[in-house]
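This chain uses plain numbering: 1 for the first residue, then up along the sequence. Quantities reported herein were computed from a predicted structural model and do not represent experimental measurements.
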Amino acid sequence: MILFCPVVHNEVVRTISVNATSGLRQIAVSSDGRKLFATAADGYIYAVNIDPEDKPSEPNSNPRKWWEQIGKVLTPTGAWGLAATPDPLKMVFTNGNPNTDGSGFGVLINAD
């Protein structure tokens, strides 16, 4: 289990668990601010719902999985770098492996 710890002005506001089997590498937020993504050493990209519209109104109820892992995608050659694009449904990533030039760049498309 790996944890995201969002920090606002040097203060941890919440810890978010993901089921990564190795350390996280980089994180990025989608351009619409609704999802947090992280690359991990296990080759997956993890997604977390941070959409403020999905914040639960009932205590002890979280049907939209706000601030929880909502998915993970295995990349074909691993994932290292990560960045948002102007399209909130697309993130770009690199694998950081100089031996796989042609496949060292990828696009993650969210089928939300």
Side-chain angles (χ1 to χ4, degrees):
M1 175 188 317
I2 304 296
L3 305 174
F4 290 117
C5 294
V7 177
V8 176
H9 303 288
N10 297 319
E11 178 183 340
V12 175
V13 293
R14 180 176 243 172
T15 300
I16 302 170
S17 299
V18 296
N19 66 354
T21 59
S22 60
L24 298 178
R25 292 180 167 158
Q26 291 192 6
I27 62 172
V29 175
S30 61
S31 59
D32 62 1
R34 295 177 56 215
K35 292 188 177 57
L36 174 70
F37 293 90
T39 57
D42 61 7
Y44 282 91
I45 298 175
Y46 292 85
V48 173
N49 178 7
I50 60 169
D51 187 346
E53 295 289 321
D54 291 337
K55 183 178 180 178
S57 57
E58 301 279 330
N60 301 319
S61 173
N62 195 7
R64 303 279 300 158
K65 295 186 176 184
W66 186 64
W67 283 43
E68 290 183 10
Q69 178 181 326
I70 54 173
K72 68 180 186 176
V73 175
L74 182 61
T75 60
T77 57
W80 192 279
L82 184 66
T85 69
D87 181 343
L89 297 179
K90 295 179 182 175
M91 300 291 287
V92 293
F93 64 92
T94 60
N95 70 4
N97 185 342
N99 299 320
T100 58
D101 283 345
S103 59
F105 177 83
V107 178
L108 175 66
I109 300 173
N110 180 7
D112 199 20

With a 4.5 Å heavy-atom cut-off, do Trp80 and Asn95 have their side chains touching?
no
| query | With side chains defined as the heavy atoms from C-beta onward, is the minimum distance between Ile45 and Met91 less than 4.5 Å? | reply |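 No, too far: nothing below the 4.5 Å cut-off.
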Roughly how far apart are [X] [atom1] and [Y] [atom2], rounded to 0.5 Å?
| X | Y | atom1 | atom2 | result |
| --- | --- | --- | --- | --- |
| Tyr44 | Thr21 | OH | OG1 | 8.0 Å |
| Trp66 | Ile16 | CH2 | CD1 | 8.5 Å |
| Lys65 | Ile70 | NZ | CD1 | 8.5 Å |

So salt bridge (charged side-chain N to carboxylate O under 4.0 Å, His left out) across residues 39-54, not counting sequence neighbours, yields Arg34-Asp51, Asp54-Arg64
### Pairs where residues 70-91 contributes a residue and the test salt bridge (charged side-chain N to carboxylate O under 4.0 Å, His left out) is met, not counting sequence neighbours
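Every candidate salt bridge (charged side-chain N to carboxylate O under 4.0 Å, His left out) pair involving residues 70-91 fails, so no pair, neighbours aside, qualifies.
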All heavy atoms of Leu108 vs all of Phe93, minimum pair found to be N-CE2, 4.0 Å
message: Looking at every non-hydrogen atom in both residues, tell me the closest pair between Ala28 and Ala84 and how far apart they are.
response: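 Taking every non-hydrogen atom into account, CB-N, 4.5 Å.
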ask   = Distance-only, no hydrogens or angles: does the Gln69 side chain make a donor-acceptor pair with backbone N or O of Tyr46 under 3.5 Å?
value = no
Set of side chain to side chain contact (heavy atoms under 4.5 Å, CB included) partners for [X], sequence neighbours left out:
| X | answer |
| --- | --- |
| Ala41 | Ser22, Arg25 |
| Ser61 | Glu58, Pro63 |
| Val29 | Leu36, Ile50 |

The side chain to side chain donor-acceptor pair (under 3.5 Å) partners of Thr75 (sequence neighbours excluded) come to none
